Structure formats: structure tokens, C-alpha cells
Student: 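Take this structure, written in C-alpha cells, and hold onto it; I'll ask about it next.
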Amino acid sequence: MSEALEIEDLLKEFTGQWKSHGTPVKGAGYLFFGQFIILMADERATGISGCSTDSSVRLIKDIEEKFGINMFERTTLAFVIKDKSDSYRLQLLPLSQLQYAIDNGFINGDTLYFNNLVQTKDELEKEWIIPVKDSWLGKRFSFSEAV
């Protein structure tokens with residue numbers, strides 16, 4: 001919890017100073033579910049440039065180093081899983097283990113998936129947490145035999 005609060009402080013500090021070619025970026029940063037860093041910029045107010053993107057990448061790399069985590073591992077997937085006590089929890093799963101999880105009924109087409117390909121606020125609100133069958137994974141894996 002203390003790490004999450006510290007990361008949120010770093011995000012707030014960064015977005016308060018975020019600039020594109022010297023012009024302040026109207027932006028915000030959030031830590032969702034203790035796992036996902038969301039950085040948003042209102043490009044209608046200020047266009048995002050390579051330099052402002054680079055500064056956001058540096059922020060994430062600094063967070064990685066400070067907390068000993070890897071935030072650029074693109075083959076780790078996140079799902080909402082119902083456990084034996086009927087509670088829901090976030091489960092991270094390497095892409096290489098997805099077929100096993102499907103074959104053994106841990107994940108089915110209706111399992112909620114964090115679609116980290118979203119690029120806009122609207123997509124974040126409507127398409128970030130979706131059934132896995134409706135994501136890009138639904139085109140690559142068969143969920144018909146899943147329990």
C-alpha cells in the first residue's frame with residue numbers, strides 16, 4: 001500500500017510538471033488496481049511530442065528501478081478470476097501459459113481481460129475490461145471448449 005501511494009505521488013508530481021516543447025501538458029496519472037499505470041494527456045489542449053513521450057517513458061523506467069518491477073513486459077496478461085471462495089482477484093498470466101489456462105478451465109471466453117491496447121479515454125472507459133473472447137486474444141485462441 002505504501003508503494004502504491006508513493007507511485008501515485010510520483011504520477012501526480014510528473015503530470016504537474018509534464019511539458020511538450022515547453023508548453024504544459026494537461027494530463028493526469030493514475031494507478032489502477034495497484035498494477036496499472038495510466039497516463040493521459042488532453043491532446044486538444046497540447047499536442048504530445050517525442051520529448052514529452054520520452055519523459056513519460058523515463059518516469060516508468062524510474063518507477064521500475066525504484067520498486068524492482070518490470071512494467072514493459074508486454075507478454076504478461078491480466079484477467080479478473082473468480083477463486084474458490086467466489087471472490088474476484090486480478091491474475092497475471094504469461095501469454096505462453098494462456099492455452100494451458102484455457103484447456104484446464106481457469107479462463108474461458110467470458111473471463112474479464114484487461115485490454116491494454118486501449119489508446120483513448122473513451123476506449124479506457126468502454127473497452128479496457130472486456131470478456132477475453134472480445135479482445136485480440138479471441139482471434140488467436142479458441143474458447144469454445146472452455147468450461
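Bear in mind that the values here come from a model prediction, so they are computed numbers and not experimental data.
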Student: Please assess Arg140 against Leu98 for the test side-chain contact (heavy atoms from CB on, under 4.5 Å), listing each intermediate value before the final yes or no.
Tutor: CA-CA 11 Å; Arg140 291 189 57 192; Leu98 182 58; over 6 Å; no
Student: Tell me whether Gln91 contacts the main-chain N or O of Phe79 through its side chain, where contact means a donor paired with an acceptor under 3.5 Å.
Tutor: no
Student: Can you name the closest pair of heavy atoms from Thr111 and Val80 and give their distance?
Tutor: CG2-O, 3.5 Å
Student: Kindly indicate, with the supporting measurements, whether the criterion side-chain contact (heavy atoms from CB on, under 4.5 Å) is fulfilled by Leu95 and Phe141.
Tutor: CA-CA 11 Å; Leu95 178 60; Phe141 293 88; 4.1 Å; yes
Student: In the single-linkage hydrophobic clustering (I, L, V, M, F, W, Y; side-chain heavy atoms under 4.5 Å), do Ile60 and Ile7 co-cluster?
Tutor: yes
Student: Assess whether atom CZ of Phe67 is packed by more than 12 heavy atoms of other residues, nucleotides or ligands within 6.0 Å.
Tutor: yes
Student: Please enumerate all residues that pass side chain to side chain donor-acceptor pair (under 3.5 Å) together with Arg58, with sequence neighbours excluded.
Tutor: none
Student: With a 4.5 Å cut-off on side-chain heavy atoms, are Glu64 and Phe72 touching?
Tutor: yes
Student: At what distance, to the nearest 0.5 angstrom, does CE of Met71 lie from CD1 of Ile63?
Tutor: 6.5 Å
Student: Mind checking the CD-CD1 spacing from Gln35 to Ile69? Nearest 0.5 Å is all I need.
Tutor: 8.5 Å
Student: Which label fits Phe33 and Phe36: parallel for a plane angle under 30°, tilted from 30 to 60°, or perpendicular past 60°?
Tutor: perpendicular
Student: Compare every heavy atom of Lys12 with every heavy atom of Thr15, then report the nearest pair and how far apart it is.
Tutor: OG1-O, 3.3 Å
Student: Would you call Ile38 and Leu11 a side-chain contact if the rule is heavy atoms closer than 4.5 Å?
Tutor: no
Student: Main chain of Asp110, side chain of Asn108: is a donor-acceptor contact present, judged purely on distance under 3.5 Å?
Tutor: yes
Student: Could you grab the distance from atom OG1 of Thr76 to atom CD of Gln97, nearest 0.5 Å is fine?
Tutor: 9.5 Å
Student: Which heavy atom of Leu112 sits nearest a heavy atom of Pro131, and at what distance?
Tutor: CD2-N, 4.0 Å
Student: Looking at every heavy atom in both Ser56 and Leu39, which two are closest together, and how far apart are they?
Tutor: CB-CD1, 3.7 Å
Student: Enter the distance from Phe32:CZ to Glu8:CD here, rounded to the nearest 0.5 Å.
Tutor: 9.5 Å
Student: Under the side chain to side chain donor-acceptor pair (under 3.5 Å) definition, can you give me all pairs with a residue in residues 112-124, not counting sequence neighbours?
Tutor: Tyr113-Trp136, Asn116-Trp128, Asp122-Lys126
Student: Can you check side-chain contact (heavy atoms from CB on, under 4.5 Å) on Ile81 and Leu93, steps first, answer last?
Tutor: CA-CA 11 Å; Ile81 303 292; Leu93 183 70; over 6 Å; no
Student: So if you build clusters from Ile, Leu, Val, Met, Phe, Trp, Tyr with side-chain heavy-atom gaps below 4.5 Å, do Tyr30 and Ile129 land together?
Tutor: yes
Student: Working to the nearest 0.5 angstrom, can you tell me the gap between Tyr100 OH and Ile107 CD1?
Tutor: 12.0 Å
Student: Just wondering, more than 12 heavy atoms not from Tyr88 lying within 6.0 Å of its OH?
Tutor: no
Student: Are Phe114 and Leu90 packed together at the side-chain level, in the sense that at least one heavy-atom pair is separated by less than 4.5 angstrom?
Tutor: yes
Student: Can you check side-chain contact (heavy atoms from CB on, under 4.5 Å) on Leu77 and Leu137, steps first, answer last?
Tutor: CA-CA 10 Å; Leu77 310 172; Leu137 293 167; 3.9 Å; yes
Student: Is it true that, when you exclude Glu73 itself, more than 12 heavy atoms of the residues, nucleotides or ligands shown sit nearer than 6.0 Å to its CD?
Tutor: yes
Student: Identify the heavy atoms of Ser20 and Val25 that sit nearest to each other, and give their distance.
Tutor: N-CG2, 3.6 Å
Student: Could you report the tightest heavy-atom contact between Ser52 and Lys19, atom names first, then the distance?
Tutor: CB-O, 3.2 Å
